[in-house]
Number of protein chains: 2
Amino acid sequence: MSITLRDISKALNISVSTVSRALTDSHEIGEETKQKVLAYAKEHHYVPNRMARSLKVGKTRSIGVVICSIDNNFVAQMLDGIDQICTENGYQIIIMQSKESYEQEQACINLLHASGVDGIMISPSYQTTDFSHLKELQSQGFPVVLFDRISEKMTAHKIAANNLSGAYQATTHLISNGYTRIAHLNSNATLTTTAERFEGYKKALEDHGINYQEELVAFCDTAQQIDQSVADAMEQLLKQQPQAIFTATDLLSTKVLAYLMEHKFTVPKDIALIGFSNSDLAAVLNPSLSTVRQPSRQIGELAAQTLISLIKGKDIGPEETILLDTELQIRKSSGS
Amino acid sequence: MSITLRDISKALNISVSTVSRALTDSHEIGEETKQKVLAYAKEHHYVPNRMARSLKVGKTRSIGVVICSIDNNFVAQMLDGIDQICTENGYQIIIMQSKESYEQEQACINLLHASGVDGIMISPSYQTTDFSHLKELQSQGFPVVLFDRISEKMTAHKIAANNLSGAYQATTHLISNGYTRIAHLNSNATLTTTAERFEGYKKALEDHGINYQEELVAFCDTAQQIDQSVADAMEQLLKQQPQAIFTATDLLSTKVLAYLMEHKFTVPKDIALIGFSNSDLAAVLNPSLSTVRQPSRQIGELAAQTLISLIKGKDIGPEETILLDTELQIRKSSGS
DNA sequence: TTGTACGCGTTATCAT
DNA sequence: ATGATAACGCGTACAA
């Protein structure tokens, strides 16, 4: 371990409190002693003990981040944004994975809270339908921010992409490429995220005079057995002979592309494809994948910013939902 | 915050230490009082204050993980492995990014150490050539494990892929596909990782009677301006009219593929390609990318396992380097 | 079996 | 401007 305040105080024959004041740059301290302390501290590589300070002040300057999985391009990008803001503001992040399990998510939240994090930001698992645990924390004045996947079941500061307009744009793009039989593959989660992408799809059809057909839509179990679920859904959808598919999540997009390739479909000739995806490899996929790209880093940054403001007790107004615009990236998979 | 031991002790009219003993399941405690305490604790959602405990026992049950960037497929997979082992063993991980900067790496190490982590596992930045900082910590008895990118400049427990054999296999595969003018693109880092992949390449050529030609090899600055560096290197290499390229890192592999596509090369007809990569999307790339795949999760798991053993003071023998076998995944980009 | 007292390293509140 | 002291919540040696 490092040296402590007392080590310094003994070595310099001054009191612990004086040393503390010197190091915290207090105004009630003599310039001379201050320099003496600072010099000694630097020479002996003094680093304040975070544990002790945290215990004393009741804050840890750490933030809990709960996500479904770290091994996910899009999530990693958000984490990068979160990390940058937190580092800039002197906060440490503790990342925990729910692995799309509600139980594990609860465990994460409990552990984080017990660890004394100053606040929690969470992108709920697809399984999560009950937010009472989070609500309870929140009602005790504990700062909570929802990001990416948000829900209407909870009142809180929420940051996410504008899923409705993103889905609308993607569907409209397919329509303007001449497709009318457009299938839609989505998650079966009960999150706002899911619902809004579905809404965007329907709205685009409606606005362009295309009848919505239930048979052209499938909802996959994205929490478990995703491969099997996608295969089942695709088999179902393909019976309806769609001309194009709009997939609603990163994972679904690439899995569908892989499925189509495996089953010898030529994209976009046999069937066109556009999907939500943030993979940097979309451009080098086979064929290059047209995507709705979410502002992942900004979502992370803004969410972190918001949580830190909350922690610092700044008045940032009532809980509100901030939606960031997506970006339509047209490549080959969606036809000409 | 939660309730404390004292809250319980007051409510039950017993001393704090008795409560503490009840909750730590000490043997010197009456069954009756123990149940009483446990019941009360559960009812009031008592969670021990980690800060206070850490301060007391001098251990935090947390581990620092330093990596180049969280926004990297391969790294995320390793982190996933690390997280799993740590969660199983009741350790929290604190992830910090060096962003391939030596200064930032030092800052991470300092911050982690100051945070009181029980040990550090690190995959050094490409810039890192000086390990004295880590060595000093280590010499003070602080547990350190190197993983993924390892260096001979430091004695420590090290876990990585068998880069030499991986590179050898990839090069040999190209040779057996009939290519003799095989270029090699690598990082310019001074890590063992880099050197061994280069060695594997050279050894494969030698073993198959192909002369090594310096002009067919280029080292990119993978720490900064990687795009420009790759473009420069490719321009240089292509002048030598290689029949195939073997790239030595995840990032280089996909960047080279993108470069070749952009410059209208047909892969593998004009030029064949094989590279180190752990992207799950390699199979859906255009063309599907032949790869040397590293056992990312296992590297993470084993490294975490090792560090935890070190922390617990188990005798796991002298510092040694463990190399895990890579897997050759042959797809279309490397020819027939 | 239970209680008392102290200390971990820091900051805050009093005095001086 | 500086020092003494208490307190944060917990664990433990010692006493009872």
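To find a chain, count down the sequence lines: A is the first, B the second, and so on, and within it residues start at 1.
- At the heavy-atom level, B:T33 lies under 4.0 Å from the strands shown only through sugar-phosphate atoms.
- OP1 or OP2 of C:dG7 has not a single side-chain nitrogen or oxygen of A:R6 nearer than 4.0 Å.
- In this structure, CD1 on B:I95 lies 4.0 Å from CD1 on A:I70, to the nearest 0.5 angstrom.
- A salt bridge is absent between B:E319 and B:K135: the closest approach of a Lys/Arg side-chain nitrogen to an acidic carboxylate oxygen does not fall below 4.0 angstrom.
- Atom NE2 in B:H113 sits about 13 Å away from atom P in C:dG9, given to the nearest Å.
- A donor-acceptor contact closer than 3.5 angstrom is absent between the side chains of B:T24 and B:S26.
- Here A:S20 does not reach the OP1 or OP2 of C:dT10: none of its side-chain N or O atoms lies under 4.0 Å away.
- Between the NZ atom of B:K36 and the C1' atom of C:dT1 there is a distance of 13 Å, given to the nearest Å.
- In summary, the side chains of B:E105 and B:T128 do present a donor paired with an acceptor at a separation below 3.5 Å, with no hydrogens or angles considered.
- Salt-bridge formation is not detected for the pair A:K153/A:D130: no Lys NZ or Arg NE/NH1/NH2 atom is positioned less than 4.0 Å from an Asp or Glu carboxylate oxygen.
- Residue A:L55 is classed as a base contact, given a heavy-atom separation below 4.0 Å to a base.
- Between B:Q305 and B:E301, the side chains place no donor N or O within less than 3.5 Å of an acceptor N or O (distance only, hydrogens not considered).
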Test side chain to side chain donor-acceptor pair (under 3.5 Å) applied to B:Q92 and B:S62, step by step: CA-CA 4 Å; B:Q92 268 190 357; B:S62 67; over 6 Å; no
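- Within 4.0 Å (heavy atoms only), A:L5 reaches at least one base atom of the nucleic acid.
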Between N or O atoms, less than 3.5 Å apart, protein on one side and nucleotides 3-6 of chain C on the other: list the pairs.
from: C:dG3; atom 1: OP2; to: B:S15; atom 2: N; distance (Å): 3.0
from: C:dG3; atom 1: OP2; to: B:S15; atom 2: OG; distance (Å): 3.3
from: C:dG3; atom 1: OP2; to: B:T18; atom 2: OG1; distance (Å): 2.4
from: C:dG3; atom 1: N7; to: B:R21; atom 2: NH2; distance (Å): 2.5
from: C:dG3; atom 1: O6; to: B:R21; atom 2: NH1; distance (Å): 3.1
from: C:dG3; atom 1: O6; to: B:R21; atom 2: NH2; distance (Å): 3.3
from: C:dT4; atom 1: O4; to: B:S17; atom 2: OG; distance (Å): 3.1

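- In summary, the side chains of A:D71 and A:Q97 do not present any donor paired with an acceptor at a separation below 3.5 Å, with no hydrogens or angles considered.
- Going from atom CD of B:Q35 over to atom P of C:dT1 covers 14 Å, rounded to whole Å.
- Of all nucleotides in DNA chain D having an atom under 4.0 Å from a heavy atom of chain B, the first and last in 5' to 3' order are D:dC8 to D:dA13.
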Full working for salt bridge (Lys or Arg N to Asp or Glu O under 4.0 Å) between A:K99 and B:D80: CA-CA 10 Å; A:K99 294 287 179 186; B:D80 205 3; 2.8 Å; yes
